[in-house]
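Lettering follows sequence order; numbering is per chain, from 1.
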There are 2 protein chains.
Amino acid sequence: MELPTWLISQTSAQAHRLLSEAFAAIDSRGYHYRLLAALEEFGPASQATLGRRTGIDRSDVVAALNDLADRGLIERSPDPSDRRRNIVTVTAAGSERFRRLDKALAGVQDDLLAPLSPAERDQLVALLTRVLAHHNPE
Amino acid sequence: MELPTWLISQTSAQAHRLLSEAFAAIDSRGYHYRLLAALEEFGPASQATLGRRTGIDRSDVVAALNDLADRGLIERSPDPSDRRRNIVTVTAAGSERFRRLDKALAGVQDDLLAPLSPAERDQLVALLTRVLAHHNPE
DNA sequence: AGTCTATGTTGGTCAAGCCCACGATTAATC
DNA sequence: GATTAATCGTGGGCTTGACCAACATAGACT
């Protein structure tokens with residue numbers, strides 16, 4: 001079992017275990033982080049835009065935003081210039097939550113890649129980036 | 001978004017998409033392949049052993065073996081030396097199915113890693129192997 | 001004997017990803 | 001300007017993969 005696909009999926013499973021554990025400890029999950037990250041990086045946006053930026057399906061964006069809104073981390077307001085859209089904004093609590101999640105993520109990075117030197121981590125990143133770019137032609 | 005964790009999970013998602021598509025075209029899914037592979041590599045085994053070898057939970061092994069048995073790809077027979085156990089055996093059709101799945105998997109490998117040279121593929125494999133070994137101390 | 005562990009099985013939960021359909025609204029085309 | 005097409009938010013459902021709990025049966029160990 002040394003096939004690349006196997007290794008990648010095993011490594012991903014490992015990363016996933018560490019991540020979901022770390023996120024769960026902060027009452028969150030992957031979708032929450034991805035949405036908050038997109039909002040922090042690009043500012044308020046409509047739900048459809050968020051879906052495109054994060055790669056999350058529209059319908060799943062709805063559910064995740066409901067969760068985030070229930071926790072007071074984001075707010076929806078109608079877009080006056082297009083009444084189909086909601087403008088999604090991060091609250092102060094949301095920003096705070098994002099920072100905590102980001103720290104947790106950094107910890108998981110270190111944990112996961114502990115056996116690799118900085119140069120090797122760069123190598124890994126470069127290889128994966130090229131693989132991804134090939135399948136995701138912008 | 002150039003964090004290793006993100007890249008790994010995105011690459012895994014891509015691999016997963018390609019794989020499940022290829023497997024679905026042969027009326028199978030990941031668990032089926034993993035179980036058949038373990039049986040082909042190590043020979044007949046009990047369900048608990050299969051679970052340990054593939055990393056699949058006992059209860060999921062049951063369900064996947066049911067699927068495989070429905071398709072006539074494996075057979076269960078009681079172990080005379082331990083009446084708790086079933087001995088799982090691959091049928092001729094199961095071997096044939098495994099070969100088809102294995103070919104499909106090889107195709108996905110090539111597809112996924114198309115942008116990398118053979119040396120780079122080895123590099124990637126080596127890096128991931130070390131990451132995994134660190135978290136899965138045999 | 002009795003206790004502890006292993007096995008197969010059923011059942012349930014969760015996260016992630018994906019698709020479909022609907023009503024409402026805006027954009028595009030005739 | 002009226003009709004068709006596309007977009008948006010929303011709800012619903014489905015599949016895979018991964019996990020966990022419980023239980024009856026069967027072995028193992030003391």
Closest-nucleotide ordering on DNA chain D, the 5'-leading residue of A:Q10 and A:T49: A:T49
Could you check if a side-chain atom of A:F98 sits within less than 4.5 angstrom of a side-chain atom of A:V90, using non-hydrogen atoms only? no
In whole Å, what is the span from the CZ atom of A:R85 to the P atom of D:dG9? 7 Å
May I ask you to decide if A:S59's main-chain N or O and A:D57's side chain share a donor-acceptor pair within less than 3.5 Å? yes
Per-nt protein contacts along nucleotides 19-30 of chain D (heavy atom under 4.0 Å; B base, S backbone sugar-phosphate only, - none) come out as BB-B---BS---
Are the side chain of B:R85 and the backbone of B:A48 linked by a donor-acceptor contact shorter than 3.5 Å? no
Give a yes or no on whether the backbone of B:E96 and the side-chain of B:R100 come within a donor-acceptor separation of less than 3.5 Å. no
Counting only heavy atoms and a strict 4.0 angstrom limit, can you tell me which residues of residues 66-75 of chain B come near DNA chain D? none
Any donor-acceptor pair under 3.5 Å from A:R34 side chain to A:T54 backbone: yes
Quick one: A:I56 CD1 to D:dG9 P, roughly how many Å, whole number? 14 Å
Contact between A:R52 and A:T49 at the side-chain level, heavy atoms closer than 4.5 Å - yes or no? yes
Between CD of A:Q47 and C1' of D:dT7 the distance, given in whole Å, is 13 Å
Does the side chain of B:L73 reach to within under 4.5 Å of the side chain of B:D67, using non-hydrogen atoms? no
To the nearest Å, how far apart are B:L35 CG and D:dA18 C1'? 14 Å
Partner residues of B:R130 under the salt bridge (Lys or Arg N to Asp or Glu O under 4.0 Å) criterion, sequence neighbours left out: A:E120
Can you list everything that forms a side chain to side chain contact (heavy atoms under 4.5 Å, CB included) with B:T91? Sequence neighbours excluded, please. B:E75, B:A93
Please report, to 0.1 Å, the donor-acceptor pairs under 3.5 Å made by any side chain of residues 103-112 of chain B, with sequence neighbours excluded.
residue	atom	partner	partner atom	Å
B:Q109	OE1	A:T5	N	3.1
B:Q109	OE1	A:T5	OG1	2.9
B:Q109	NE2	A:T5	OG1	2.7
B:D110	OD1	B:R121	NH1	3.4

Minimal heavy-atom distance between A:H134 and B:A114, with the atoms involved, is CE1-CB, 3.7 Å
Contact interval (first through last nucleotide) of DNA chain C with protein chain A, 4.0 Å heavy-atom: C:dA15 to C:dT26
Residue whose nearest DNA chain C nucleotide is more 5′ - A:H16 or B:S46: B:S46
Counting just side-chain N and O atoms, does A:R76 come under 4.0 Å of either OP1 or OP2 of D:dT10? yes
How do B:A63 and B:R52 order along DNA chain C: which one's closest nucleotide is nearer the 5' end? B:R52
